[in-house]
Participant: 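Sharing a structure below in structure tokens format, with a few things to ask.
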Amino acid sequence: MSQQLSEQELVRRESLTKLRELGINPYPQALYPVTILSKAIKENYEEGKKVVIAGRLMSRRIQGKASFAELQDSEGRIQVYFNRDEICSEDDSTLYNEVYKKLLDIGDFIGIEGELFKTQVGEISVRVKKFDLLSKSLKPLPLPKTDSEGNIHDAFTDPEMRYRQRYADLVVNPHVKEVFIKRTKLFNAMRTFFNERGYMEVETPVLQPIPGGAAAKPFITHHNSLDMPLYMRIANELYLKRLIVGGFEGVYEFSKNFRNEGMDRTHNPEFTAMEIYVAYKDYNWMMEFTENLLEYCALQVNGKTEAIFGEHKVDFKAPYKRVTMRQSIIDFTGFDIDGKSETELAEWCKSNGVEVDDTMGKGKLIDEIFGEKCEGNYIQPTFITDYPKEMSPLCKEHRDNPELTERFELMICGKEVANAYTELNDPIDQKERFEAQLKLAAKGDEEAGQFIDYDFLRALEYGMPPTSGLGIGIDRLVMYLTNNQSIQEVLFFPQMKPEKKAVELSDAEKTIFNILKANNKMELGALKSESALSGKQWDKGMKGLSKHGIVKVEVDGDTKFCVLQS
RNA sequence: GACUUGGUAGCUCAGCUGGUAGAGCAUAUCACUUUUAAUGAUAGGGUCCUGGGUUCGAGCCCCAGCCAGGUCACCA
């Protein structure tokens, strides 16, 4: 879509032409021999050391024949000093006066050969001996400035623009870049932790014929040659367990999951989960594993186990408190759910301000109570254990109480971060639980599963060793480790509605356009009378069409024609 | 989905009961050889989100819509 260029964009395009006229290729095929990054220069300063660096020009302070600029590379900024006498011969100052001062702009990528020195005020700088344009920037970047007291002026903060133009956000906001560096550190830390224990990273299908392993609304797509619907995965659990059946001791996957549900500060349609399954373990073992894992991750990402999240200070140091769901509800309400019937639970809810409806079974009711009264109170990492059976269809029954399951969730700052089970491996029990879920779904519980994965049941029939599985919401964990309140801040490219709808014509424009389409070229007066538009509407329609570049008025002697542009 | 706040120059933001649209930075031209939010001078730059309406006159008021943020509801 063609768009009007701003003055500054036009100036940069002119510079492009002038550079070419001077024989400088603004987009060279350059293998540029960078020898050092800005951070290393500052950390290991050596007076007079020759360096070759490259990056974006981010600021300039020109003072006649001398000038200071800042070059930004992947690790930060370094000051560079341009002096006319250093880079130009006596009789030709073009390189400094024209190329550097006029034709380069903030945002351009340049390469610099020079040597290190310290200015009179002691700042480590590179004295430029030679520079090359590596890539011209045609669009002015947002330009936050930091003053001597560290205050940032003109910060690029509008979330909409930052998310839509993450590339610009990353260029000008180093703290944003830092979030994503930490995100990657978290992945690396988890991989290391798992790999050191001999567990294997695997991949399982994103396109699935049955969207299993969780209860959520899937995205549906269609495979043309198979002529069948496929679902984008909502979880990878059932596939990973198949691999445990196949004989792997421990498997894990970082999985992009897709859920066709609401979007808000904590939900993006695609998000990342880490799931791991380990054979011959139970959920008690997994709790210890999880707290050790998270302590290790926090250390690797932030260098310490404490993390600030909003008003809270969270400590990831193991071990974490463990509370059963029953005890938790007693703690916060005084109500003991043990042995209560569905009716008793529903009545308690109604008289205690917990919203319920008829579709809710026992498990769901308990979950509502917990969600309403307890969940939000757990700031420090806390394991909530022993969930009702009904809401955990893939989890093994509790060894001490058949109403419960061996399941835990890890709560941090009032939100769930991890979920784990002693996995159900009794194929007959599993089949019955799936069928119970189908009934719940029929009753109207949208969270209940609506499909039975018979292939998964077949796998279980071959036998799955006792196994414990854990899922961690990676995006949420990154939020905690980087003190971000919204998931958009920890995703490079959060889902957004499209910026602009396609050019739509107004009614007047459409009328004129349709008449003209039949004739291609018409005398203006004839076109106007055929359109039967009022003077104002006609004027508006014509102006609109010319603005979109759809029509053009041509003058031939005394006659004016309106011509349709292709 | 409900409520609420916002959308004005490349960026950050002002904008009077409704009367020709402002600032700082950025840009352009000039001066300036160790500055650092460099400085001084001059100049240019705007579909005021879109579409209707009220009005002699709308950036401002009214209606509808689009996009985004926040709160809540729903939901892992």
Side-chain angles (χ1 to χ4, degrees), chain A residues 3-12 14-15 58-70 77 79-86 96 101-102 105-107 117-123 125 127 137-165 168 172 214-217 234-235 257 259-268 271 273 355 357 367-368 371 375 391 409 415-419 445-447 471 473 475-476 485-488 494 496-501 503-504 506-508 540 543-544 547-548:
Chain A
Q3 226 184 338
Q4 198 101 39
L5 293 175
S6 71
E7 186 199 17
Q8 294 190 46
E9 288 170 308
L10 289 170
V11 167
R12 290 186 180 213
E14 281 167 28
S15 301
M58 291 305 284
S59 75
R60 268 192 306 183
R61 297 177 286 277
I62 294 173
Q63 313 162 67
K65 283 189 253 179
S67 168
F68 289 93
E70 279 175 300
R77 293 186 183 185
Q79 176 165 276
V80 294
Y81 174 67
F82 282 84
N83 185 307
R84 198 177 75 189
D85 300 334
E86 296 272 2
Y96 183 77
K101 273 169 71 174
K102 293 191 181 165
D105 290 290
I106 287 172
F117 78 109
K118 278 190 183 169
T119 63
Q120 286 180 359
V121 285
E123 176 146 353
S125 309
R127 179 181 286 108
S137 159
L138 293 182
K139 203 172 175 61
L141 285 165
L143 203 66
K145 289 202 162 189
T146 310
D147 66 21
S148 47
E149 279 145 30
N151 303 312
I152 296 172
H153 301 262
D154 297 341
F156 184 54
T157 52
D158 179 32
E160 177 172 1
M161 271 199 279
R162 287 181 43 238
Y163 302 155
R164 287 193 195 283
Q165 303 187 38
V172 305
K217 287 182 200 146
I234 54 175
N257 296 335
R259 297 188 179 177
N260 203 346
E261 292 167 353
M263 287 169 59
D264 60 32
R265 203 166 89 259
T266 55
H267 295 88
N268 196 64
F271 64 98
E355 273 184 51
D357 62 60
D367 188 39
E368 288 293 317
E375 194 175 58
M391 52 185 291
E409 289 194 356
K415 294 262 196 278
E416 176 208 339
V417 172
N419 184 13
D445 184 344
E446 286 193 350
E447 282 187 47
D475 305 300
R476 204 165 269 179
Q485 305 288 324
S486 91
I487 194 171
Q488 283 82 11
M496 305 280 279
K497 284 203 189 184
E499 257 174 283
K500 276 176 196 153
K501 51 186 176 184
V503 182
E504 267 187 47
S506 70
D507 286 347
K540 216 162 189 152
K543 277 183 180 157
K547 201 168 105 184
H548 299 320

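First the proteins, then the strands, lettered A, B, ... as listed; each starts at 1.
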Participant: Would you measure the distance from the P atom in B:G40 across to the matching atom in B:G24 and give it in whole Å?
Facilitator: 11 Å

Participant: Using the P atoms only, state how far B:U5 lies from B:C74, rounded to an integer number of Å.
Facilitator: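 Roughly 24 Å separates the two P atoms.
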
Participant: Which part of the nucleic acid does A:Arg127 contact within heavy-atom distance under 4.0 Å: base, sugar-phosphate only, or nothing?
Facilitator: base

Participant: What's the CD-P distance between A:Gln485 and B:U71, to the nearest Å?
Facilitator: 9 Å

Participant: Indicate the atoms forming the closest heavy-atom contact of A:Ser67 with A:Tyr96, along with that distance.
Facilitator: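 What the structure gives for the nearest pair is CB-OH, 3.5 Å.
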
Participant: Verify the contact: side-chain N or O of A:Lys145 to OP1 or OP2 of B:C11, cut-off strictly under 4.0 Å; return yes or no.
Facilitator: no

Participant: On the side chain of A:Gln79, is there an atom forming a donor-acceptor pair with the base of B:U35 - under 3.5 Å, no angle test?
Facilitator: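 Checked by distance alone, the answer is yes.
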
Participant: Considering only side-chain heavy atoms of A:Phe68, which listed nucleotide, B:U33, B:G70, B:U34, is closest?
Facilitator: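 So the nucleotide nearest the side chain must be B:U34.
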
Participant: If I pick the P atom on B:A41 and the same atom on B:G52, what distance separates them, to the nearest angstrom?
Facilitator: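 Result for the P pair: 45 Å, nearest Å.
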
Participant: Under 4.0 angstrom, heavy atoms only, what part of the nucleic acid is A:Glu409 near: base, sugar-phosphate, or nothing?
Facilitator: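 A:Glu409: base contact, heavy atoms under 4.0 Å.
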
Participant: Which whole number of Å gives the distance between the P atom of B:G6 and that of B:C63?
Facilitator: 15 Å

Participant: How do A:Glu355 and A:Gln488 order along RNA chain B: which one's closest nucleotide is nearer the 5' end?
Facilitator: A:Gln488

Participant: Going through the checks in order, is the side-chain contact (heavy atoms from CB on, under 4.5 Å) test met by A:Glu160 and A:Met496?
Facilitator: CA-CA 9 Å; A:Glu160 177 172 1; A:Met496 305 280 279; 4.2 Å; yes

Participant: Partner of B:G6 by Watson-Crick or G-U wobble geometry, both contacts under 3.5 Å, or none?
Facilitator: B:C67

Participant: Does the side chain of A:Arg61 get closer than 4.0 angstrom to OP1 or OP2 of B:U35 through an N or O atom?
Facilitator: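 So the side-chain polar atoms of A:Arg61 never come under 4.0 Å of the phosphate oxygens OP1 or OP2 of B:U35.
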
Participant: When all nucleic acid strands are considered with a 4.0 Å heavy-atom cut-off, which category describes A:Arg84: base, sugar-phosphate, or nothing?
Facilitator: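 The residue A:Arg84 makes no contact with any strand.
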
Participant: If you measure from the P atom in B:U29 to the same atom in B:A14, how many Å do you get, rounded?
Facilitator: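 The same atom, P, in both gives a distance of 32 Å.
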
Participant: Given the P atoms of B:G15 and B:U42, what is the spacing between them in whole Å?
Facilitator: 27 Å

Participant: Which of these nucleotides, B:U36, B:G69, B:U29, is closest to any side-chain atom of A:Pro159?
Facilitator: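 Per side-chain heavy atoms of A:Pro159, the pick is B:G69.
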
Participant: Could you walk me through whether A:Ile106 and A:Leu143 pass the side-chain contact (heavy atoms from CB on, under 4.5 Å) check?
Facilitator: CA-CA 9 Å; A:Ile106 287 172; A:Leu143 203 66; 3.8 Å; yes

Participant: Would you mind classifying the nucleic acid contact of A:Arg12 as base, sugar-phosphate or nothing, using non-hydrogen atoms under 4.0 angstrom?
Facilitator: nothing

Participant: Rounding to an integer number of Å, can you tell me how far A:Lys101 NZ sits from B:A28 C1'?
Facilitator: 13 Å

Participant: Could you give the CE-to-P distance, from A:Met58 to B:U36, as a whole number of Å?
Facilitator: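 One finds 20 Å between P of B:U36 and CE of A:Met58, rounded.
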
Participant: Considering only side-chain heavy atoms of A:Arg164, which listed nucleotide, B:U35, B:A68, B:U27, is closest?
Facilitator: B:A68

Participant: Using a heavy-atom cut-off of 4.0 Å across all strands, would you classify A:Asn151 as base, sugar-phosphate, or nothing?
Facilitator: nothing

Participant: Send over the distance from A:Asp105 CG to B:A28 C1', rounded to a whole Å.
Facilitator: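 Checked: the CG to C1' distance equals 11 Å.
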
Participant: How would you list, by chain and number, every residue that makes a salt bridge (Lys or Arg N to Asp or Glu O under 4.0 Å) with A:Lys65, sequence neighbours excluded?
Facilitator: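 Salt bridge (Lys or Arg N to Asp or Glu O under 4.0 Å) list for A:Lys65, sorted by chain: empty.
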
Participant: Give me the distance, rounded to whole Å, that separates B:C62 from B:C30 when you measure between the P atoms they each carry.
Facilitator: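 Result for the P pair: 50 Å, nearest Å.
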
Participant: Around A:Lys101, counting heavy atoms of other residues, nucleotides and ligands shown, do more than 12 lie under 6.0 Å from its NZ?
Facilitator: yes

Participant: Between atom CG in A:Asp154 and atom P in B:G24, what is the gap in whole Å?
Facilitator: 12 Å

Participant: Measure the distance from CD on A:Glu368 to C1' on B:C75 and round it to the nearest whole Å.
Facilitator: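 My rounded result for the distance is 10 Å.
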
Participant: Considering only heavy atoms from C-beta outward, does the side chain of A:Glu416 approach that of A:Arg476 to under 4.5 Å?
Facilitator: yes

Participant: If you look at every strand shown and take non-hydrogen atoms under 4.0 Å, does A:Glu9 touch a base, only sugar-phosphate, or nothing?
Facilitator: nothing

Participant: What nucleotide, of B:G10, B:U12, B:A68, holds the atom closest to the side chain of A:Gln8?
Facilitator: B:G10

Participant: Less than 4.0 angstrom between a side-chain N/O of A:Lys65 and OP1 or OP2 of B:U35, yes or no?
Facilitator: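 Checking A:Lys65 against B:U35: no side-chain N or O falls below 4.0 Å of OP1 or OP2.
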
Participant: Contact class for A:Lys415 vs. all strands (heavy atom < 4.0 Å): base, sugar-phosphate, or nothing?
Facilitator: nothing

Participant: Specify the separation, in whole Å, of atom CD of A:Gln63 and atom P of B:A37.
Facilitator: 12 Å

Participant: When the P atoms of B:G59 and B:C66 are compared, how many Å lie between them, rounded to an integer?
Facilitator: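 That atom pair is separated by 23 Å.
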
Participant: Tell me whether the ring of A:His153 lies stacked over the B:A37 base, given a 5.5 Å limit on centroids and a 30° limit on the plane angle.
Facilitator: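 One would call A:His153 stacked on the B:A37 base.
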
Participant: Ignoring hydrogens and angles, answer whether the base of B:U27 and the side-chain atoms of A:Glu7 contain a donor-acceptor pair closer than 3.5 Å.
Facilitator: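 Looking at the base of B:U27, it does not pair with any donor or acceptor on the side chain of A:Glu7 (distance under 3.5 Å).
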
Participant: The side chain of A:Glu261 lies closest to which of these nucleotides: B:U36, B:C75, B:U33?
Facilitator: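 In terms of side-chain proximity for A:Glu261, the closest of B:U36, B:C75, B:U33 is B:C75.
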
Participant: Please report the distance, rounded to the nearest Å, between CG in A:Leu141 and C1' in B:U27.
Facilitator: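 Result: 14 Å.
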
Participant: Starting at the 5' end of RNA chain B and moving along, which residue's nearest nucleotide shows up first, A:Ile62 or A:Phe156?
Facilitator: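 It is A:Phe156 whose nearest nucleotide is closer to the 5' end.
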
